[in-house]
Amino acid sequence: MRGSAGFLLCSLLLLALHGTQVAAQDDQPDPKMPCANWMGGVPGHPGHNGLPGRDGKDGKDGVKGEKGEQGLQGPKGDPGERGIPGAEGPRGFPGQLGIKGQKGESAYVYRSAFSVGLTERAPHPNVPIRFTKIFYNQQNHYDASTGKFLCSIPGTYYFAYHLTVYLTDVKVSLYKKDRAVIITYDQFQNNNVDQASGSVLLHLSTGDEVWLQVYGEGSNNGVYADNTNDSTFMGFLLYPDTD
């Protein structure tokens with residue numbers, strides 16, 4: 001009996017406590033309503049921004065896009081520095097034959113010259129005067145035994161002579177191939193020593209001979225030479241024929 005009454009009392013107490021909690025819950029204001037019960041609170045200030053979050057992981061590469069249109073050409077840039085020379089390329093094919101050039105001068109130097117003097121006081125007339133005093137005759141184109149210059153190199157030559165005149169008149173001629181080219185005459189003055197000279201340019205062919213000769217008879221044979229007076233004959237090649 002006592003056990004049943006105790007159980008009943010406990011049940012009544014639990015029901016009373018549950019009813020009190022339900023009533024208390026019904027009396028709480030709804031925070032979403034503009035006014036809770038009889039008066040709403042003042043809105044609060046916005047809070048501070050939070051700290052940035054950590055960087056996320058890199059995403060995967062997307063699909064390659066389509067090729068875009070070509071842009072406008074930009075301005076020309078400054079020239080770059082000269083690069084290192086490249087390797088030599090393969091040898092090309094021979095070109096076409098060019099036009100034949102003009103004939104140049106020969107690399108060989110042609111020389112022909114002589115300078116001689118008289119040793120006889122009165123050379124014989126009508127024969128070549130033999131100048132036997134040799135000043136220069138390196139090519140041996142002058143023959144002292146005959147008094148003649150023999151042309152070995154065809155071309156243009158210069159010849160000259162300077163003769164001392166003494167005791168009688170002088171009339172000499174420069175010969176080329178048995179023909180007198182120029183004639184020089186000097187009239188002797190008593191008690192005096194005079195000079196006779198002449199010069200000429202001649203074109204010679206191979207084998208042509210040139211010499212000096214007293215012209216006429218012995219009365220015009222006043223060509224003279226001694227230890228203090230010379231009579232000379234000389235000639236040299238100006239330029240050879242190129243053909």
Side-chain angles (χ1 to χ4, degrees), residues 104-243:
E105 297 182 358
S106 173
Y108 178 79
V109 179
Y110 295 92
R111 295 183 174 90
S112 179
F114 72 97
S115 179
V116 292
L118 185 67
T119 56
E120 299 179 357
R121 292 190 176 183
H124 298 288
N126 299 317
V127 293
I129 301 174
R130 294 192 309 113
F131 293 86
T132 57
K133 184 188 292 186
I134 306 300
F135 300 113
Y136 179 88
N137 191 28
Q138 187 173 356
Q139 294 80 34
N140 293 317
H141 293 167
Y142 173 80
D143 188 353
S145 64
T146 63
K148 295 182 178 181
F149 169 78
L150 177 64
C151 176
S152 299
I153 303 172
T156 302
Y157 287 79
Y158 174 78
F159 294 96
Y161 51 88
H162 302 275
L163 307 175
T164 298
V165 179
Y166 187 58
L167 298 178
T168 185
D169 298 344
V170 165
K171 192 174 185 180
V172 296
S173 179
L174 186 140
Y175 278 79
K176 170 190 172 184
K177 296 174 57 177
D178 297 325
R179 184 175 66 89
V181 178
I182 60 172
I183 299 174
T184 300
Y185 176 75
D186 184 83
Q187 188 175 17
F188 174 70
Q189 303 295 325
N190 290 330
N191 301 321
N192 192 16
V193 176
D194 205 354
Q195 296 287 327
S197 62
S199 61
V200 66
L201 285 174
L202 294 177
H203 180 269
L204 302 181
S205 301
T206 303
D208 287 348
E209 293 178 322
V210 176
W211 68 91
L212 276 181
Q213 181 173 306
V214 175
Y215 193 85
E217 300 300 326
S219 59
N220 294 322
N221 191 12
V223 179
Y224 181 81
D226 59 18
N227 293 333
T228 59
N229 296 279
D230 281 308
S231 293
T232 61
F233 178 39
M234 55 89 69
F236 57 86
L237 174 66
L238 281 179
Y239 50 87
D241 292 342
T242 57
D243 294 337

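From a predicted model like this one, the values you see are computed outputs, not experimental measurements.
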Under 3.5 Å donor-acceptor, [X] side chain and [Y] backbone:
X      : Y      : result
Ser173 : Ile182 : yes
Ser231 : Tyr224 : yes
Asn220 : Val170 : no
Thr232 : Gly117 : no

Minimum heavy-atom distance between [X] and [Y], given as atom pair plus value:
X      : Y      : answer
Asp241 : Gly155 : OD1-CA, 3.4 Å
His162 : Ser197 : ND1-CB, 3.4 Å
Asp208 : Ser205 : OD2-N, 2.8 Å
Ala196 : Asp186 : CB-CB, 3.8 Å

Once rounded to the nearest 0.5 Å, what's the spacing between atom [atom1] of [X] and atom [atom2] of [Y]?
X      : Y      : atom1 : atom2 : result
Leu237 : Tyr158 : CG    : OH    : 14.5 Å
Glu209 : Lys176 : CD    : NZ    : 12.5 Å
Tyr157 : Leu201 : OH    : CG    : 13.0 Å
Thr146 : Ile129 : OG1   : CD1   : 13.0 Å
Asn190 : Leu167 : CG    : CG    : 10.0 Å
Thr168 : Tyr166 : OG1   : OH    : 12.0 Å

Flag the pair [X] / [Y] as yes when at least one side-chain heavy-atom distance between them is below 4.5 Å, and no otherwise.
X      : Y      : answer
Gln195 : Leu163 : no
His141 : Leu150 : no
Leu202 : Leu174 : yes
Tyr215 : Val172 : no

Practice item. State whether the number of non-hydrogen atoms from other residues, nucleotides or ligands found under 6.0 Å of Phe114 atom CZ is greater than 12. Key: yes
**Study point:** Exceeds 12 heavy-atom contacts within 6.0 angstrom, atom NZ of Lys133
**Key:** yes
Check your understanding: Pairs in or reaching into residues 118-137: which pass ring pair (Phe, Tyr, Trp, His ring centres under 6.0 Å), with residues at least two apart or in two chains?
Key -> Phe131-Phe233
Review point. Which is it for Trp211 and Gln213 under the side-chain hydrogen bond (donor to acceptor under 3.5 Å, both in side chains) test, yes or no, and what are the steps along the way?
Key: CA-CA 7 Å; Trp211 68 91; Gln213 181 173 306; 3.1 Å; yes
Point to revise | Phe149/Tyr142 aromatic ring centres below 6.0 Å | key: no
Practice item. Could you tell me which residues satisfy ring-ring contact (aromatic ring centres under 6.0 Å, His included) with Tyr185, sequence neighbours excluded, listed by chain and number? Key: none
Check your understanding: Pick one: which of Val109, Thr156, Ile153 meets side chain to side chain contact (heavy atoms under 4.5 Å, CB included) with Pro240?
Key -> Ile153
